[in-house]
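Read the numbers this way: they start at 1 and go in the same order the structure lists the ligands and their atoms.
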Amino acid sequence: MKRVAIFISGGGSNMVSLVDDMTGDHPARPCLVLSNNADAGGLAKAAARGIPTAVVDHRPFGGDREAFQAALRAELDKAAPDILCLAGFMRVLTASFVTPWRGRMLNIHPSLLPKYRGLHTHARALEAGDAEHGCTVHEVTPELDEGPILGQARIAVNPGDTPDSLAARVLVQEHRLYPAVLRRFAAGDRTPVAL
Ligand code: GAR
């Protein structure tokens, strides 16, 4: 059985979709939910599900990313995960953290990568006049929102869509895609998922 740690920063709806799928014949179980933000709503959702939680606030570290990442590593060492999932974790992780996790660390991003790395993905898809939009789960590499794609889910962009309406429809797809990818990935299958 693989052990999965999940990093969040906010509401944690993707974390919940992952955790709630990790039952029965799923090849993994959650071992830690960690947030850089003590107010993250996802922490209570994880605790209510009996999952150990931790907070590593980035702010006391100032701009010292290496020290922040050392504190993250200390929590991971205690939980001993096999797989690390970023699920709305809004801090950039540098190569010194990411490289040792190569091939064992996933992220979900709200665009059809390689389009729209970074922030404001829904507004950017609308501004570009895209006919379709969606989300991507990928392996994490040191370059932001790069790394091998493990799955994508697509939605049509409708006339009258706003960034908020797109975000809401993409989020529904995120909650389908991420669990589907993690199930395969934890079983050693990196065949991309297409929804
Ligand atoms: C999700 O839409 C996720 O794709 C996005 O943040 C949201 C978190 O929601 N992630 C990023 O933008 C990462 N760059 P959640 O806390 O409810 O899962």
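Using a cut-off of 4.0 Å between Lys/Arg side-chain N and Asp/Glu carboxylate O, Asp21 and Arg176 are scored as not salt-bridged. Between Glu139 and Arg190 a salt bridge is recorded (basic side-chain N to carboxylate O distance below 4.0 Å).
Side-chain contact between Trp101 and Leu93 is absent, with no heavy atoms from C-beta onward closer than 4.5 Å. Asp161 has its side chain out of reach of His122: every pair of non-hydrogen atoms, C-beta onward, lies at least 4.5 Å apart. Under the 4.5 Å side-chain criterion, counting only non-hydrogen atoms from C-beta, Arg104 is not in contact with Leu84.
Under the 30°/60° scheme for interplanar angles, the aromatic rings of Phe68 and Phe89 are found to lie parallel.
Within 4.0 Å of ligand 1, heavy atoms belong to protein residues Gly11, Gly12, Ser13, Asn14, Gly88, Met90, Ile108, His109, Pro110, Leu171, Glu174.
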